[in-house]
Q: 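I have a structure here, written as structure tokens, and I will follow up with some questions on it.
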Amino acid sequence: MKKRTFLKTTGLIAGSSIAIPSLILDACAPKTQDENNTSEETVQKASFTLPDLPYEFAALTPFIDAMTMEIHHDRHHQGYVNKLNAALDSFNGTYNSLDDLLAMDNLPDGVRNNGGGHYNHSLFWTSLKAGGSEPTSAFLDKVNSDFGSMDELKKQLINGGGSVFGSGWVWLISNNGKLEVTTTPNQDNPLMVYADTKGKPLLGIDVWEHAYYLNYQNKRGEYLENIFNVINWEEVSKRWG
Ligand code: MN3
């Protein structure tokens with residue numbers, strides 16, 4: 001076995017026994033192509049896979065239209081997964097999970113952009129739900145404590161999303177136990193060393209034009225207002241708790 005492959009594989013196998021943070025879908029954990037074959041002669045290669053949407057493309061209408069969801073998931077997100085796997089072919093670092101990978105220093109652009117793209121979209125799909133859902137009472141108490149009210153949190157997310165120049169994300173994060181709203185450009189993520197404010201992502205809202213343009217054209221603010229009809233606050237609460 002080549003040294004590089006051995007290092008990479010060792011990291012991944014070690015990771016299989018480490019709990020992946022609950023917010024990360026199974027699909028975000030790197031898979032090896034032949035997990036049952038432990039022969040040293042077998043060259044194992046890490047690969048990430050596109051998670052299924054947990055609902056139909058049309059589930060979030062009229063707030064997010066079916067064609068946007070289909071293109072966004074099947075083409076954009078699949079593209080990030082494919083390019084991430086390609087970028088990892090020439091990446092020598094060891095990591096146990098996508099979280100670990102994204103937190104590493106000096107990521108090659110292909111890993112940073114497409115690893116972020118895979119993480120961010122995996123989080124995004126599960127942050128949405130037809131009809132939305134209610135936060136737990138404990139999480140609501142925390143929101144009231146850190147923001148004053150849920151309305152104030154929504155206002156900060158809408159304003160933050162509107163303030164992103166070009167493409168990026170607005171986030172609700174837990175930063176050393178405090179809830180904060182922050183933004184990242186492109187496919188950066190609050191786990192990354194490049195983030196202005198780092199923390200555990202609880203909710204990420206995509207403000208790339210591809211997330212809303214078919215239905216809202218240039219009206220990003222209207223998209224941001226409307227997305228609160230379909231936020232899965234119960235899931236966001238679980239990520240916090
Ligand atoms: Mn997107």
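Order of appearance sets the numbers: ligands from 1, and atoms from 1 within every ligand. Quantities reported herein were computed from a predicted structural model and do not represent experimental measurements. When a residue number appears, it is its place in the shown sequence, counting from 1.
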Q: Please find out if the Mn ion (ligand 1) and some N, O or S atom of H77 are separated by less than 2.8 Å.
A: no
Q: To 10°, measure the NE2(H210)-the Mn ion (ligand 1)-NE2(H121) angle for me.
A: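 Between NE2 of H210 and NE2 of H121, the angle at the Mn ion (ligand 1) is about 140°.
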Q: Are more than 12 heavy atoms from other residues, nucleotides or ligands located less than 6.0 Å from atom NZ of K154?
A: yes
Q: Could you check whether atom CD of Q78 has more than 12 heavy atoms from other residues, nucleotides or ligands sitting under 6.0 Å from it?
A: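 Enclosed.
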Q: Look at H76 and state whether any of its N, O or S atoms is less than 2.8 Å from the Mn ion (ligand 1).
A: no
Q: In a check of side-chain contact (heavy atoms from CB on, under 4.5 Å) between L107 and each of L101, V193, N113, which one passes?
A: L101
Q: Please determine whether a side-chain nitrogen of the Lys or Arg among D146 and K142 lies less than 4.0 Å from a carboxylate oxygen of the Asp or Glu.
A: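 Salt bridge flag = yes for K142 with D146.
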Q: Can you name the N/O/S atom of D206 that is nearest the Mn ion (ligand 1)?
A: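 Considering only N, O and S atoms, D206 comes nearest to the Mn ion (ligand 1) through OD2.
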